[in-house]
Student: 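Before anything else, here's the structure in question.
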There are 2 protein chains.
Amino acid sequence: MTSPILDIVKSPARQDSDQSVELDDALGRQASLSTALVSVFRGNFCDFILPNRKTTAFKKHSVIYDVGDRERTLFFLRSGFAKVGTIAVDGREVIYDVRKSGDVVGELCATEKARSDRAVALEPTDAVCVPFEEVMQSLLQQPALATVLVDVFCRALKEAYAQVNSMALDDTVHRLIKVLSGLATKIGQRSGPLVQIPVYLTQEEIAQMAGARRERISTALNSLRRRGIVQYSARGHMVLDIDALEPYLP
Amino acid sequence: MTSPILDIVKSPARQDSDQSVELDDALGRQASLSTALVSVFRGNFCDFILPNRKTTAFKKHSVIYDVGDRERTLFFLRSGFAKVGTIAVDGREVIYDVRKSGDVVGELCATEKARSDRAVALEPTDAVCVPFEEVMQSLLQQPALATVLVDVFCRALKEAYAQVNSMALDDTVHRLIKVLSGLATKIGQRSGPLVQIPVYLTQEEIAQMAGARRERISTALNSLRRRGIVQYSARGHMVLDIDALEPYLP
DNA sequence: TCGCGGGTGTTACTTTTGTAACACCCGCGT
DNA sequence: ACGCGGGTGTTACAAAAGTAACACCCGCGA
């Protein structure tokens with residue numbers, strides 16, 4: 001993954017004063033505003049399910065599980081990031097969500113024999129892999145954990161519905177804005193009015209999240225940059241100005 | 001709700017031989033091919049949660065719960081049909097799903113303080129209303145029920161993702177086809193190669209399920225009728241020829 | 001019985017989106 | 001050092017979807 005920032009920053013589309021801002025990992029690592037998936041490591045989930053299990057390391061871009069897989073296991077992310085989505089028969093890709101350490105991935109196998117979705121590591125990622133059967137068994141011994149599991153599903157469901165809304169009602173630009181602000185609240189690292197997205201996502205991937213063509217996203221992104229809503233940090237990571245973003249939101 | 005069948009059947013768009021077929025309630029009521037939401041009445045859910053509770057009757061078109069509601073209760077449908085969806089600030093509506101007796105409705109309140117969705121009875125509908133708290137409590141006493149609840153959420157999530165796929169990848173006609181075949185498998189009543197949809201849905205509602213304008217749905221529906229995929233029964237209920245439908249599906 | 005309201009069918013027009021094609025820039029490996 | 005490949009920016013053009021407007025048909029209630 002190269003980081004063609006200079007290209008972007010100097011591109012003909014640039015007309016204003018957004019210097020590539022200096023944020024990278026400088027202010028990062030502080031409280032992210034994640035509200036997406038409950039951290040399954042609180043609520044004793046870790047105490048019950050995770051101890052004495054080895055974590056598996058996934059390399060960047062490696063497939064954690066894929067469409068058609070028949071193994072039924074949940075992945076508890078301990079570090080890194082993963083995109084979850086699917087690939088249609090014709091090869092076109094859709095991304096439902098990006099998840100980070102503390103989130104679960106692979107929940108859908110609860111009702112499936114063969115997976116209909118897939119997850120791919122966006123960065124080097126460590127995960128604890130637990131067979132679905134064993135998750136359900138620890139639920140029998142520790143019923144309070146059910147709350148956590150229900151919460152995981154419920155949040156995912158709510159977000160999926162939000163995505164349906166956006167696709168049904170919004171145009172490309174507003175879908176993009178929702179994708180970006182979703183990323184900001186889920187995995188963003190805040191510093192003042194700016195939020196940095198700590199993973200590198202290609203325009204193609206953003207397009208797959210927004211349900212639009214990459215070319216449109218490219219144009220929309222530049223229009224947002226001219227309005228000061230989007231910038232790029234030194235490492236090519238996106239930085240959002242949430243104050244500037246908010247007025248466009250609902 | 002009027003049933004303008006004659007209008008439809010005799011409309012200028014008609015060019016072939018689809019007589020309004022005689023099926024209504026004649027062959028109905030037999031095993032529907034529902035696979036959508038697990039019947040929560042199996043698996044002892046009813047034994048534990050539902051006995052000694054009164055069922056509430058909802059009139060056709062009455063709102064079971066609405067966007068913004070702060071009460072947290074699940075509704076276990078015992079008869080009838082309900083659409084679940086939402087209304088945007090500008091009034092535009094989106095429908096996520098149609099559910100029938102045996103299904104739950106209102107699950108989303110598990111993580112919300114204020115509901116972001118709404119459910120409306122499509123027919124006179126009876127439901128057992130159970131506060132979410134009590135559901136979780138019976139889970140503590142009867143941990144095996146967790147399987148059922150997880151299943152409910154997981155199926156809803158899987159279907160929501162399918163909807164996202166369709167909106168991202170399909171054009172209007174294919175989205176319509178998926179909506180129809182989804183209705184067929186969820187609430188359809190089968191008789192031979194034909195499946196009847198036992199609720200009356202306006203084109204507007206179908207459009208809200210497909211994420212498209214009513215006008216397009218009207219046209220697409222007529223094109224499907226000319227191809228023999230869709231017919232109307234005597235009471236204005238849709239009837240699908242699943243054999244004719246299948247080739248268009250994936 | 002007359003008119004109204006709701007649902008449907010259809011069309012001309014506008015807007016949005018997708019498609020195709022290409023140029024550019026960069027970093028990397030040969 | 002050079003070229004290649006991947007990611008980005010941009011445009012002209014074609015296709016799809018939304019908009020607006022209207023006609024029709026029906027059932028129902030005044």
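Naming convention: chains lettered A, B, ... in sequence-line order (proteins, then strands); numbering from 1 in each chain. Keep in mind the model is a prediction, meaning the values are calculated, not measured.
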Student: Whether B:Lys178 and B:Asp170 form a salt bridge (side-chain N of Lys/Arg under 4.0 Å from carboxylate O of Asp/Glu) is what I want to check.
Tutor: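 Salt bridge present between B:Asp170 and B:Lys178.
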
Student: Is the shortest side-chain N/O distance from B:Tyr232 to OP1 or OP2 of C:dT8 below 4.0 Å?
Tutor: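 For C:dT8, neither OP1 nor OP2 has a side-chain N or O of B:Tyr232 closer than 4.0 Å.
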
Student: Out of C:dG18, C:dG9, D:dA17, which nucleotide sits closest to the side chain of B:Arg225?
Tutor: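 Out of C:dG18, C:dG9, D:dA17, the nucleotide with an atom closest to B:Arg225's side chain is C:dG9.
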
Student: Mind checking what makes side chain to side chain donor-acceptor pair (under 3.5 Å) contact with B:Ser62, not counting sequence neighbours?
Tutor: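 Partners of B:Ser62 by the side chain to side chain donor-acceptor pair (under 3.5 Å) criterion come out as none, since no residue qualifies.
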
Student: Just the rounded figure in Å: distance from P of C:dT17 to CZ of B:Arg175.
Tutor: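 Value for this atom pair: 13 Å.
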
Student: Should the side chain of B:Arg216 and the base of D:dA17 be counted as holding a donor-acceptor pair, with the cut-off at 3.5 Å?
Tutor: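 When only heavy-atom distances are counted, B:Arg216 does reach the base of D:dA17 through a donor-acceptor pair under 3.5 Å.
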
Student: Quick check: closest heavy atoms across B:Met209 and B:Gln163, and the distance to 0.1 Å?
Tutor: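 Closest approach of B:Met209 to B:Gln163, heavy atoms only: O-NE2, 3.9 Å.
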
Student: Rounding to an integer number of Å, can you tell me how far A:Leu176 CG sits from D:dT8 P?
Tutor: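 One finds 13 Å between P of D:dT8 and CG of A:Leu176, rounded.
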
Student: Could you give the CZ-to-C1' distance, from B:Arg213 to C:dT11, as a whole number of Å?
Tutor: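 In whole Å, C:dT11 C1' and B:Arg213 CZ are 18 Å from each other.
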
Student: Whole angstroms only, please: what is the CD1-C1' distance between A:Ile217 and D:dT8?
Tutor: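 A:Ile217 atom CD1 is separated from D:dT8 atom C1' by 13 Å.
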
Student: Is it true that A:Lys83 and A:Glu93 have a side-chain N and a carboxylate O under 4.0 angstrom from each other?
Tutor: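 Salt bridge present between A:Lys83 and A:Glu93.
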
Student: For residues 204-226 of chain A, which residue pairs qualify under ring-ring contact (aromatic ring centres under 6.0 Å, His included), counting only residues two or more places apart or in two chains?
Tutor: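 Sorted pair list comes back empty.
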
Student: Which nucleotide in the list C:dA20, D:dG7, D:dT19 gets nearest to the side chain of A:Tyr200?
Tutor: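 Closest nucleotide to the A:Tyr200 side chain: D:dG7.
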
Student: Just how far, in rounded Å, is P of C:dG6 from CD of B:Glu205?
Tutor: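 So the two atoms are 14 Å apart, to the nearest Å.
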
Student: With DNA chain D as reference, determine whether B:Arg214 or A:Ser218 sits nearer its 5' end, using the nearest nucleotide of each.
Tutor: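 Nearest nucleotide further toward 5': that of A:Ser218.
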
Student: Are any of the side-chain nitrogens in A:Arg99 or A:Glu107 under 4.0 Å away from the carboxylate oxygens of its partner?
Tutor: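 Looking at A:Glu107 together with A:Arg99, the answer is yes, because their closest N to O distance falls below 4.0 Å.
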
Student: Write down the distance between CG (A:Leu221) and P (D:dT10), rounded to a whole number of angstrom.
Tutor: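 In whole Å, D:dT10 P and A:Leu221 CG are 11 Å from each other.
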
Student: Please give, in whole Å, the distance from D:dC13 C1' to A:Glu215 CD?
Tutor: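 Answer to the nearest Å: 13 Å.
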
Student: On the nucleotide C:dG6, are OP1 or OP2 found under 4.0 Å from the side-chain N or O atoms that B:Gln203 carries?
Tutor: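 Looking at the OP1 and OP2 atoms of C:dG6, neither is under 4.0 Å from any side-chain N or O of B:Gln203.
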
Student: Between A:Asn222 and D:dT8, is there a contact of a side-chain N or O with OP1 or OP2 at under 4.0 Å?
Tutor: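 Negative; the distance criterion is not met.
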
Student: Roughly how many Å is it from CD in A:Glu204 to P in D:dT8, rounded to a whole number?
Tutor: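 Rounding to the nearest Å, CD of A:Glu204 and P of D:dT8 are 9 Å apart.
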
Student: Any residue in residues 165-173 of chain A with a heavy atom nearer than 4.0 angstrom to DNA chain C? Just list them by number, or reply none.
Tutor: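 Contacting residues: A:Asp171, A:Thr172.
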
Student: Would you call B:Arg115-B:Asp69 a salt bridge at under 4.0 Å N-O?
Tutor: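 Salt bridge flag = no for B:Asp69 with B:Arg115.
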
